[in-house]
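In the text below, chain A, chain B and the rest are named by the order of the sequence lines, each starting its count at 1.
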Amino acid sequence: AQSVTQLDSQVPVFEEAPVELRCNYSSSVSVYLFWYVQYPNQGLQLLLKYLSGSTLVKGINGFEAEFNKSQTSFHLRKPSVHISDTAEYFCAVSENPSGTYKYIFGTGTRLKVLA
Amino acid sequence: EAGVTQFPSHSVIEKGQTVTLRCDPISGHDNLYWYRRVMGKEIKFLLHFVKESKQDESGMPNNRFLAERTGGTYSTLKVQPAELEDSGVYFCASSQDKQGRGNTIYFGEGSWLTVV
């Protein structure tokens with residue numbers, strides 16, 4: 001069965017510092033991988049996705065993630081964070097091809113950017 | 001283009017009462033999904049509609065939950081009777097059923113339900 005693990009529930013980081021939010025998944029088949037962000041009082045917004053091809057995926061707001069099949073990981077990174085990046089970040093996996101588009105989410109990581 | 005809209009944004013009801021959540025998907029999206037996040041836990045899949053048909057309802061917790069999508073447009077999720085453990089955020093999402101979209105699902109802002 002699929003599962004997604006986000007080990008860090010909260011990550012505090014100073015402004016302009018780099019950050020990495022970790023995501024590991026388990027699946028017996030190939031997968032699609034996603035990162036979503038939820039800003040305070042807003043809905044879920046897609047940051048980036050890995051479907052196939054290049055393992056380094058670039059998303060919005062300067063974020064990127066690298067798919068590592070051997071490590072079954074899809075960690076999210078940003079070289080320099082801003083106060084406005086304070087939000088909750090969710091990693092999700094969808095089996096390929098399942099046809100139902102069902103996502104399995106992790107428990108989320110709260111990123112707190114400090115001045 | 002309007003995104004996925006959900007109503008109400010917040011709802012506080014007493015245990016035993018009924019609540020109906022509504023979702024309007026992005027126009028033209030045949031696929032509509034309901035997800036739920038209970039406090040501090042992961043976002044969990046509830047069910048998936050393709051047009052008016054339930055494609056997958058494996059995530060529905062019990063028969064107190066009823067989802068409908070009459071006419072294949074908006075959807076409602078009714079909880080009757082509500083229990084304390086039903087409190088959480090209910091997300092609706094939609095997607096086009098076309099290849100090349102890479103399974104991207106667009107989420108609404110969620111309906112926050114508190115059962116007291």
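- In this structure, CG in A/Leu46 is found 9.5 Å from CZ in B/Phe107, a value given to the nearest 0.5 Å.
- With hydrophobic clusters built from ILVMFWY side chains whose heavy atoms lie under 4.5 angstrom apart, A/Tyr39 shares a cluster with A/Trp35.
- With a 4.5 angstrom heavy-atom cutoff, B/Ser9 does not touch chain A via any of its atoms.
- Proximity to chain B at a heavy-atom threshold of 4.5 Å picks out A/Phe105, A/Gly106, A/Thr107 from residues 104-115 of chain A, in numerical order.
- A/Lys58 meets the salt bridge (Lys or Arg N to Asp or Glu O under 4.0 Å) test with A/Glu64; sequence neighbours excluded.
- In this structure, A/Tyr89 is a member of the same hydrophobic cluster as A/Phe67, with clusters built from ILVMFWY side-chain heavy atoms closer than 4.5 Å.
- No donor-acceptor distance shorter than 3.5 angstrom exists from the side chain of B/Tyr33 to the backbone of A/Tyr103, with no hydrogens or angles considered.
- B/Tyr35 and B/Met39 fall into different hydrophobic clusters, where Ile, Leu, Val, Met, Phe, Trp and Tyr side chains are chained together by heavy-atom contacts under 4.5 Å.
- Hydrophobic clustering places B/Phe49 together with B/Val79 (ILVMFWY residues linked when any side-chain heavy atoms are closer than 4.5 Å, directly or through intermediates).
- By the rule that hydrophobic residues join a cluster once side-chain heavy atoms approach within less than 4.5 Å of another member, B/Met60 and B/Tyr90 end up as members of one cluster.
- Note that the OH atom of A/Tyr36 and the CZ atom of B/Phe91 stand 11.5 Å from one another [nearest 0.5 Å].
- With a 6.0 Å radius and a threshold of 12 heavy atoms from other residues, nucleotides or ligands, B/Lys41 has its NZ atom at or below the threshold.
- Heavy atoms of A/Gln38 lying under 4.5 Å from chain B belong exclusively to its side chain.
- For chain B, the nearby part of A/Glu88 is the side chain; its heavy atoms alone come within less than 4.5 Å.
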